[in-house]
Amino acid sequence: MNILEIKNVKKSFNDSTLHVLKDISLTVAQGEVVAIIGPSGSGKSTLLRCATLLTKMDSGDLLYSGDYAAKTNEQGVSVYADKQQLKKIRSRFGLVFQNFNLFPHFSVLKNLTDAPIQVLGRSKEEAEKKAMALLEKMGLADKADAYPCQLSGGQQQRVAIARALAMEPEILFFDEPTSALDPELTGEILKVIRQLAEEHMTMVIVTHEMSFARDVADRVIFMDGGVIVEQGDPKEVISNPKEERTRQFLSRFA
Ligand code: ADP
Ligand code: MG
């Protein structure tokens, strides 16, 4: 069973004059790690935003473990499932942004326990136990009572990852998780994601870290101009691309 299925997604902005996603299809199997690479403006964030229900697709289908979040009607327009169904689907994925997006007025611990208590109906005790185990795993157990502003960018991002994991998602999405970090802090985030990959967490990661994508991903997707230009085995796509556009993009990282 595929954890995520995206079929024929189209998305445009500015009264349909700017076509940002042009018929993108993508499936992600359980335990698979997919890296999405591509130039700025190619539609990577828009694709993640459509997949995570932050942006509505114009047309296309979106399914999580076979359950529809949206499907295309006869007029070729995406029709979304009802509120109840979307709520259920939202609890199946986690999303980690470039800019951490922690709740600034909550302690680290409360950042991790709030949604499990409010959304999943966990007891405070249960949520805190799970949160402490996750902070331990991230090497941040001693920061439980700190506030986000008291942490480094790398620490904040690890809290953001722990917060996403606290919801026990079936799939995690990352949108350039290291782009806002100083180079010396990038490694600590990549290490955490690498560890999650070893534990077979299903993940979709938009990244400019090519050597990381090559080492950790099961599949790499190269996007440009709102289409998937090329995809496949990371070693093939990154070290031996078939398409000229992919070669040109990768030459910037050589
Ligand atoms: P990437 O993440 O690959 O850099 P984005 O998905 O952020 O690309 O953006 C793709 C294109 O869509 C860009 O031209 C961007 O300006 C445009 N775009 C993204 N979001 C919006 C929006 N809300 N309104 C108008 N244009 C947008
Ligand atoms: Mg982006």
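Just so you know, ligand 1 is whichever comes first in the structure, and atom 1 is the first atom listed for that ligand.
The shortest contact between atom 10 (C) of ligand 1 and any protein heavy atom is with G41 O, 3.4 Å. The protein heavy-atom contact nearest to atom 7 (O) of ligand 1 is S45 CB, 3.7 Å. Remark: minimum distance from atom 3 (O) of ligand 1 to any protein heavy atom is reached at K44 NZ, 2.7 Å. Of all protein heavy atoms, the one lying nearest to atom 12 (O) of ligand 1 is V20 CG2, 3.1 Å. For atom 23 (N) of ligand 1, the nearest non-hydrogen atom of the protein is F13 CE2, 3.5 Å. Closest protein heavy atom to atom 14 (O) of ligand 1: L18 CD2, 4.1 Å.
Within the model, atoms OH of Y64 and CD1 of I3 stand 10.5 Å from one another, a figure rounded to the nearest 0.5 Å. Note that CG of L95 and CG of N101 are 8.5 Å apart. Values are rounded to the nearest 0.5 Å.
Of the possible donor and acceptor atoms, one in the side chain of N111 sits under 3.5 Å from a partner among the backbone N and O of F103. Between the side chain of T72 and the main chain of G60, a donor-acceptor pair closer than 3.5 Å is present.
Distances from ligand 1 to the non-hydrogen atoms of S40 include at least one value under 4.0 Å. At least one heavy atom of P39 sits under 4.0 Å from some atom of ligand 1.
With hydrogens and angles left out, the side-chain atoms of D58 and S12 include a donor and acceptor closer than 3.5 Å. Side chain to side chain, S45 and D175 meet the donor-acceptor criterion of an N or O pair below 3.5 Å.
By the definition of a contact as any protein heavy atom under 4.0 Å away, atom 19 (C) of ligand 1 is in contact.
Checking V206, T46, I37 against atom 9 (O) of ligand 1, the nearest heavy atom belongs to T46.
Hydrophobic clustering (ILVMFWY, side-chain heavy atoms < 4.5 Å, transitive): M167 and I205 are in distinct clusters.
At a threshold of 2.8 Å, the Mg ion (ligand 2) has a backbone or side-chain N, O or S atom of S45 nearer than that distance.
Ring orientation note: the planes of F253 and H208 are close to parallel, at an angle under 30° on the 30°/60° scale.
For the pair G43 and ligand 1, the shortest N or O to N or O distance falls below 3.5 Å.
Contact atoms of ligand 1 toward N14: 25 (C) (distance under 4.0 Å to a heavy atom of the residue).
Contact of the I193 side chain with the M203 side chain is registered, since non-hydrogen atoms from C-beta on lie closer than 4.5 Å.
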